[in-house]
Amino acid sequence: MKTSDAAGFICADCSNIELGSCNIDQAIVEFENAPWKRELERFEELDGNRPPPCWPDLTFRIGNYHIGFMLESECKKFRVEICMPPQKKLLGIFSFTKFFEFKNVEPARAKEYLKMFYELSYAEQHDYFLRQQTTCS
């Protein structure tokens with residue numbers, strides 16, 4: 001089973017809470033216990049100030065790829081971003097990083113994406129998230 005190299009939560013005031021490395025069980029707990037509501041309230045308080053506030057964000061990194069969760073509104077839905085590094089080069093020269101983005105994701109689905117990020121191989125992740133992108137669009 002994979003363990004993330006690093007994880008962190010970005011607060012509304014742009015400070016970062018380092019979470020260290022996490023296995024899937026720890027990552028689920030961090031997702032569930034993240035201070036989403038408090039940071040959304042702080043974001044609204046800080047909105048309009050300079051420097052501008054940061055949107056609450058929880059990110060897990062394994063090697064060169066990551067999954068990030070950004071609260072969209074009212075602590076009910078998330079934007080999920082997955083960045084997957086290239087595994088092959090086109091013509092032996094060009095490589096492309098693959099990004100997946102999902103909007104208005106319910107918390108249960110977000111946790112499912114987190115599990116797939118930890119449990120599937122790169123090729124399986126690519127196929128899984130590509131199918132999700134096709135069916136969720």
Side-chain angles (χ1 to χ4, degrees):
M1 184 176 292
K2 297 176 194 169
T3 300
S4 63
D5 303 324
F9 186 84
I10 297 175
C11 300
D13 64 2
C14 299
S15 63
N16 186 33
I17 300 170
E18 291 291 330
L19 303 173
S21 63
C22 298
N23 64 31
I24 182 56
D25 296 327
Q26 294 163 324
I28 296 278
V29 168
E30 293 294 351
F31 178 84
E32 291 174 340
N33 293 335
W36 298 111
K37 184 175 177 154
R38 181 190 76 205
E39 292 305 317
L40 181 60
E41 290 169 353
R42 287 181 69 201
F43 179 88
E44 291 170 358
E45 289 171 12
L46 295 169
D47 196 20
N49 292 347
R50 295 289 176 245
C54 293
W55 205 248
D57 177 305
L58 177 62
T59 300
F60 299 91
R61 182 178 54 84
I62 298 175
N64 292 330
Y65 63 112
H66 72 267
I67 185 168
F69 302 90
M70 285 64 62
L71 191 62
E72 287 199 317
S73 63
E74 301 175 17
C75 299
K76 295 181 181 172
K77 296 196 178 179
F78 296 86
R79 181 170 56 94
V80 180
E81 177 185 278
I82 300 127
C83 172
M84 303 177 88
Q87 296 296 305
K88 299 182 207 176
K89 289 188 175 189
L90 179 64
L91 303 172
I93 302 170
F94 304 104
S95 61
F96 302 95
T97 300
K98 179 67 179 165
F99 291 94
F100 294 98
E101 182 179 51
F102 304 96
K103 295 181 180 180
N104 296 313
V105 177
E106 299 284 339
R109 174 73 58 146
K111 286 191 275 188
E112 178 184 329
Y113 290 167
L114 184 57
K115 286 185 69 170
M116 297 304 107
F117 178 77
Y118 274 87
E119 294 176 353
L120 298 179
S121 70
Y122 174 82
E124 292 170 321
Q125 284 179 8
H126 183 273
D127 292 344
Y128 174 81
F129 290 121
L130 192 59
R131 277 194 315 276
Q132 294 299 308
Q133 197 171 44
T134 303
T135 59
C136 294
S137 298

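If you read the sequence from its start, that first residue is 1, and numbering goes on from there.
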Item to check | Nearest atoms (heavy-atom pairs only) where Met84 meets His126 | outcome: CE-N, 3.7 Å
Checklist entry - Where is the tightest heavy-atom contact between Thr3 and Ile62, given as atom of each residue plus distance? => result O-CG1, 4.0 Å
Checklist entry - Heavy-atom distance under 4.5 Å between the side chains of Phe100 and Val80, does that happen here? => result no
Item to check | Residue from Glu44, Glu39, Glu45 passing salt bridge (charged side-chain N to carboxylate O under 4.0 Å, His left out) with Arg42 | outcome: Glu39
Checklist entry - Would you say Tyr128 and Leu130 are hydrophobically clustered, going by side-chain heavy atoms of ILVMFWY under 4.5 Å? => result yes
Item to check | Inter-residue atom distance Ile82.CD1 - Tyr113.OH, 0.5 Å rounding | outcome: 7.0 Å
Item to check | Exceeds 12 heavy-atom contacts within 6.0 angstrom, atom CG of Asn64 | outcome: no
Next on the checklist: Rounded to the nearest 0.5 Å, what separates atom NZ in Lys111 from atom CD in Glu106?
Outcome noted: 11.5 Å
Checklist entry - Between Phe43 and Ala12, what is the shortest heavy-atom contact and its length? => result N-CB, 3.4 Å
Item to check | Min side-chain heavy-atom separation Lys2-Phe117 under 4.5 Å | outcome: no
Next on the checklist: Check whether Glu81 reaches the backbone of Gly68 with its side chain - one donor and one acceptor, N or O, closer than 3.5 Å.
Outcome noted: no
Item to check | Check: Lys103 and Lys77 side chains under 4.5 Å, non-hydrogen atoms | outcome: no
Item to check | Nearest heavy-atom neighbours spanning Phe69 and Ala110 | outcome: CE2-O, 3.5 Å
Checklist entry - When clusters are formed by joining ILVMFWY residues with side-chain heavy atoms under 4.5 Å apart, either directly or through shared neighbours, do Phe9 and Leu46 land in the same one? => result no
Checklist entry - Can you tell me how far the CD1 atom of Ile10 sits from the CE atom of Met70, to the nearest 0.5 Å? => result 9.5 Å
Checklist entry - Hey, what's the ring geometry for Phe102 with Phe129, parallel, tilted or perpendicular (30° and 60° as the breaks)? => result tilted
Checklist entry - Taking the side chain as C-beta and beyond, is there a heavy-atom pair between Leu58 and Leu19 under 4.5 Å? => result yes
Checklist entry - Are Trp36 and Phe78 an aromatic pair by the rule of ring centers under 6.0 Å? => result yes
Next on the checklist: Any heavy-atom pair between the side chains of Arg109 and Gln132 that's under 4.5 Å?
Outcome noted: yes
Checklist outcome for this item: Separation between CG (Leu120) and CG (Asp127), nearest 0.5 Å, reads 9.5 Å
Checklist entry - Where do Cys11 and Cys54 land on the disulfide (SG to SG under 2.5 Å) test, with the steps shown first? => result CA-CA 7 Å; Cys11 300; Cys54 293; over 6 Å; no
Next on the checklist: On a heavy-atom basis, which atom in Ser21 and which in Ser4 lie closest, and how many Å separate them?
Outcome noted: CB-O, 2.9 Å
Checklist entry - Is it true that Leu114 and Val29 fall in one hydrophobic cluster, defined by side-chain heavy atoms closer than 4.5 Å? => result no
Checklist outcome for this item: Closest heavy-atom pair, Phe99 versus Cys83, reported as atoms and distance to 0.1 Å, is CE2-SG, 3.6 Å
Checklist entry - How many angstroms lie between atom CG of Asn104 and atom CZ of Arg79, to the nearest 0.5 angstrom? => result 11.0 Å
Next on the checklist: Less than 6.0 angstrom separating the ring centers of Phe31 and Phe60, yes or no?
Outcome noted: no
Next on the checklist: Among Gln125, Glu124, Glu119, exactly one meets side chain to side chain donor-acceptor pair (under 3.5 Å) together with Ser121. Which residue is that?
Outcome noted: Glu124
